[in-house]
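For the single chain, residues carry numbers from 1 onward in sequence order.
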Amino acid sequence: MRIALGLALDAALICLFAAIGRRNHGETGALLAVATTAWPFLIGMTVGWLLALFALRADPVRLRGGIPVWLSTVAIGMVLRTLTGSGTAFSFIVVATLFLGAVLMGWRAVGSLIAGARS
């Protein structure tokens with residue numbers, strides 16, 4: 001259950017990133033448009049989860065396991081955007097890396113603090 005919630009939260013935050021980006025650029029926020037922007041990052045996130053779980057044997061819900069999720073989300077997302085002719089301007093890479101790092105690692109940090117306070 002915890003894994004499913006973490007995966008769903010990551011996916012929702014990536015979709016939020018796509019929706020905010022589309023809105024800031026005056027593009028439609030329709031569900032299909034957001035999905036079109038988000039899919040490369042969702043693929044990267046999935047690879048990161050699989051990498052954390054099976055190759056690194058790390059819990060992707062925890063901070064340490066979240067690092068490959070974050071880095072794969074950005075790196076694979078940018079590669080897929082490049083391969084499909086979507087924009088990967090340097091400023092976009094920086095914003096995506098920082099925003100996705102903040103939200104994907106942020107909820108894990110908060111969870112870690114809560115877990116630490118409980119013990």
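Between Leu63 and Ala109 the shortest heavy-atom distance is CD2-N, 3.8 Å. Here the closest heavy-atom approach between residue Ala96 and residue Met78 is recorded as CB-CE, 3.4 Å. Ile14 approaches Ala38 most closely through the heavy-atom pair CG2-O, 4.1 Å. Ala52 and Pro68 get closest at one heavy-atom pair: CB-CG, 3.9 Å. Between Pro60 and Leu53, the shortest heavy-atom contact is CD-CD2, 3.5 Å. Contact detail for Trp39 and Thr84: the closest heavy-atom pair is CZ2-CG2, 3.8 Å.
With rounding to the nearest 0.5 Å, the separation of CZ in Arg118 from CG in Leu113 is 12.0 Å. Interatomic distance, Arg62 CZ to Arg2 CZ, rounded to the nearest 0.5 Å: 6.5 Å. One finds the CG atom of Leu51 at 4.5 Å from the CG atom of Leu56 (value rounded to the nearest 0.5 Å). To the nearest 0.5 Å, atoms OG1 (Thr37) and CG (Leu32) are separated by 9.5 Å. Note that OG1 of Thr36 is 9.5 Å distant from CG of Leu31, once rounded to the nearest 0.5 Å. Here the CZ-CG distance, from Arg23 to Leu16, works out to 12.0 Å after rounding to the nearest 0.5 Å.
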Mind listing the side-chain donor-acceptor pairs of residues 5-13 below 3.5 Å, one per line with the distance, residues two or more places apart or on another chain?
| residue | atom | partner | partner atom | Å |
| --- | --- | --- | --- | --- |
| Asp10 | OD1 | Trp107 | NE1 | 2.8 |
| Asp10 | OD1 | Arg108 | NH1 | 3.1 |
| Asp10 | OD2 | Trp49 | NE1 | 2.8 |
| Asp10 | OD2 | Arg108 | NH2 | 2.6 |

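Note on Met45 and Val34: separate hydrophobic clusters, where clusters join Ile, Leu, Val, Met, Phe, Trp and Tyr whose side-chain heavy atoms are under 4.5 Å apart, directly or indirectly.
Below 30°, between 30° and 60°, or above 60°: for Phe92 and Phe41 the angle between ring planes is above 60°, a perpendicular geometry.
Arg81 places a side-chain N or O within donor-acceptor distance of the main-chain N or O of Gly87, the cut-off being under 3.5 Å.
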